[in-house]
Amino acid sequence: MNDKRIIRRIYRKQEILSISEKLTSLGSDNKFTTLSFCNTRLFTTLLIFIIVLLVIDKGYLYAPFVAIIYYYIFYYVFITRKIRIRTSRLDYQALQFFEILTLTLESGRNLEQSLRVTCDNVESELSSEFKKALFEMSFGKSLLEALEHMKKRIPSETINNIILNIVQTNQFGNSILDTMYNQIDFLREKQLLEIKGQINKIPNKVSIVSVIFIVPLIMVLILGPYLIDILG
């Protein structure tokens with residue numbers, strides 16, 4: 001209880017809510033509660049500050065800068081970086097999941113039945129999130145409420161937009177199959193663009209490798225005999 005009061009005095013309410021939402025969107029990758037994350041970051045930052053202050057010569061100059069850098073790196077490593085990795089993983093899984101969902105809808109099942117069949121036949125992190133949404137329905141939530149709540153656990157804007165389109169289509173009685181066809185086309189195009197982007201980066205990576213390893217080797221081969229003569 002005291003820890004919560006301390007955290008609330010140090011952090012603004014908006015920042016605490018933001019951290020809580022980010023941690024929720026990490027899903028199974030999250031090892032922190034909001035309180036434990038704030039405490040761990042705060043106390044380890046203070047520890048780093050004290051160590052630098054006592055160990056390094058003129059530590060009083062470096063300690064504040066090192067502590068501030070560590071403070072933001074901690075957030076990046078345990079939240080920003082993990083969210084980026086999880087978003088990429090979920091986006092990669094989305095195409096397969098929604099393709100199978102569309103095929104199931106084509107067989108004449110309604111949305112809830114199709115989601116249950118799809119979740120039973122697809123093993124992925126995205127499928128697990130939909131299973132949680134379906135499980136929440138056993139506690140009185142409607143399918144649409146469960147899907148809206150699920151969006152808080154998903155950091156991918158692409159998937160959340162698809163869920164939003166599914167919810168709106170289901171609410172207004174439009175053709176959900178037409179919506180799914182459009183979303184699948186979008187996912188395919190998005191994956192294709194990402195693959196092209198990765199291919200375009202290959203020449204740059206090859207150039208960096210060449211500069212670091214191949215060019216020095218060539219220089220050694222060319223200059224080697226002259227160096228041997230000089231040393232001889």
Original post:
CD1/Ile50 to CG/Leu46 distance, rounded to the nearest 0.5 angstrom?
Top reply: 6.0 Å

Original post:
Should Leu147 and Met150 count as side-chain neighbours, where that means a heavy-atom distance under 4.5 Å?
Top reply: yes

**OP:** For Glu106, enumerate each residue passing the side-chain contact (heavy atoms from CB on, under 4.5 Å) test, keeping only those at least two apart in sequence or located in another chain.
**Re:** Thr102, Leu103, Leu177, Tyr181

Subject >> Flag side-chain contact, heavy atom, 4.5 Å: Ile83 against Arg86 >> reply: no

Original post:
Do Tyr70 and Thr44 have a side chain donor and acceptor closer than 3.5 Å?
Top reply: yes

Original post:
Should we say atom NZ of Lys82 is surrounded by more than 12 heavy atoms from elsewhere, each under 6.0 Å from it?
Top reply: yes

Original post:
So do the side chains of Val122 and Gln93 get within less than 4.5 Å of each other, counting heavy atoms only?
Top reply: no

Original post:
Only one of Glu125, Glu148, Glu136 forms a salt bridge (charged side-chain N to carboxylate O under 4.0 Å, His left out) with Arg153, so which one is it?
Top reply: Glu136

Original post:
If you draw the axis of the six-membered ring of Tyr71, does the NZ or CZ of Arg41 fall within 45° of it and under 6.0 Å from the ring centre?
Top reply: yes

Subject >> CG on Leu17 to NZ on Lys13, rounded to 0.5 Å >> reply: 6.5 Å

**OP:** May I ask whether Leu42 and Ile51 are part of the same hydrophobic cluster, defined by side-chain heavy atoms of I, L, V, M, F, W, Y residues being less than 4.5 angstrom apart, directly or through others?
**Re:** no

**OP:** Check whether any side-chain N or O of Glu129 sits under 3.5 Å from a backbone N or O of Leu126 as a donor-acceptor pair, and report yes or no.
**Re:** no

Subject >> Backbone of Arg84 reached by a side-chain donor or acceptor of Ser88 within 3.5 Å >> reply: yes

Subject >> Rounded distance (nearest 0.5 Å) linking atom CD1 of Ile19 with atom CZ of Phe78 >> reply: 13.5 Å

Original post:
salt bridge (Lys or Arg N to Asp or Glu O under 4.0 Å) with Lys31: which residues, sequence neighbours excluded?
Top reply: none

Original post:
Going from OG1 on Thr118 to CG on Leu101, what distance comes out if it is rounded to the nearest 0.5 angstrom?
Top reply: 4.5 Å

**OP:** Treating Ile, Leu, Val, Met, Phe, Trp and Tyr as nodes and any side-chain heavy-atom pair under 4.5 angstrom as an edge, say whether Leu95 and Ile154 lie in one connected cluster.
**Re:** yes

Subject >> Side chain to side chain, Leu187 and Gln191, heavy atoms closer than 4.5 Å >> reply: no

Original post:
Hey, are the side chains of Phe186 and Ile162 touching, using non-hydrogen atoms and a 4.5 Å cut-off?
Top reply: no

Original post:
Applying ring-ring contact (aromatic ring centres under 6.0 Å, His included), which residue pairs with at least one partner in residues 45-67 are found, sequence neighbours left out?
Top reply: none

**OP:** Output yes when a side-chain donor or acceptor of Ser127 lies under 3.5 Å from a complementary backbone atom of Glu123, and no otherwise.
**Re:** no

Original post:
Less than 4.0 Å between a side-chain N and a carboxylate O, is that true for Arg188 and Glu99?
Top reply: yes

Original post:
About how many Å separate NZ of Lys131 and CG of Asp120, when rounded to the nearest 0.5 Å?
Top reply: 6.5 Å

**OP:** Tell me, please, which residues at least two apart from Asn30 pass side-chain contact (heavy atoms from CB on, under 4.5 Å).
**Re:** Leu23, Leu26, Phe32

Original post:
Does Phe74 CZ have over 12 foreign heavy atoms under 6.0 Å away?
Top reply: yes

Original post:
Are Ile163 and Tyr92 connected in the hydrophobic side-chain network, where two residues link if heavy atoms are under 4.5 Å apart?
Top reply: no

Subject >> Path from Val55 to Val52 over hydrophobic side-chain contacts below 4.5 Å >> reply: no

**OP:** Consider only side-chain N and O atoms of Asn165 and Thr179, and report whether a donor and an acceptor are under 3.5 Å apart.
**Re:** no

Original post:
So, the side chain of Thr40 versus the backbone of Phe37: is there a donor-acceptor pair under 3.5 Å, distance only?
Top reply: no

Original post:
Quick one: does Phe98's side chain get under 4.5 Å of Gln183's, heavy atoms only?
Top reply: no

Original post:
Among pairs that include at least one residue of residues 123-161, which meet ring-ring contact (aromatic ring centres under 6.0 Å, His included), considering only residues two or more places apart or in two chains?
Top reply: Phe97-Phe130, Phe135-Phe139

Subject >> Test side-chain contact (heavy atoms from CB on, under 4.5 Å) applied to Asn121 and Thr104, step by step >> reply: CA-CA 11 Å; Asn121 288 277; Thr104 311; over 6 Å; no

Subject >> Minimum-distance pair of heavy atoms, taken over all atoms of Ala133 and Ala146 >> reply: O-CB, 3.2 Å

Subject >> Cluster link Ile69 to Ile48, ILVMFWY, side chain under 4.5 Å >> reply: yes

Original post:
Rounded to the nearest 0.5 Å, how far apart are CG of Asp91 and OG of Ser156?
Top reply: 3.5 Å

**OP:** Taking the side chain as every heavy atom from C-beta outward, state whether Asn110 and Leu105 have any pair of such atoms under 4.5 Å apart.
**Re:** no

**OP:** Please name the pair of heavy atoms, one in Pro155 and one in Ser25, separated by the smallest distance, quoted to 0.1 Å.
**Re:** CD-O, 3.4 Å

**OP:** Name all residues meeting the salt bridge (Lys or Arg N to Asp or Glu O under 4.0 Å) criterion together with Glu21; count only those two or more places apart in sequence or in a different chain, and write none if there are none.
**Re:** none

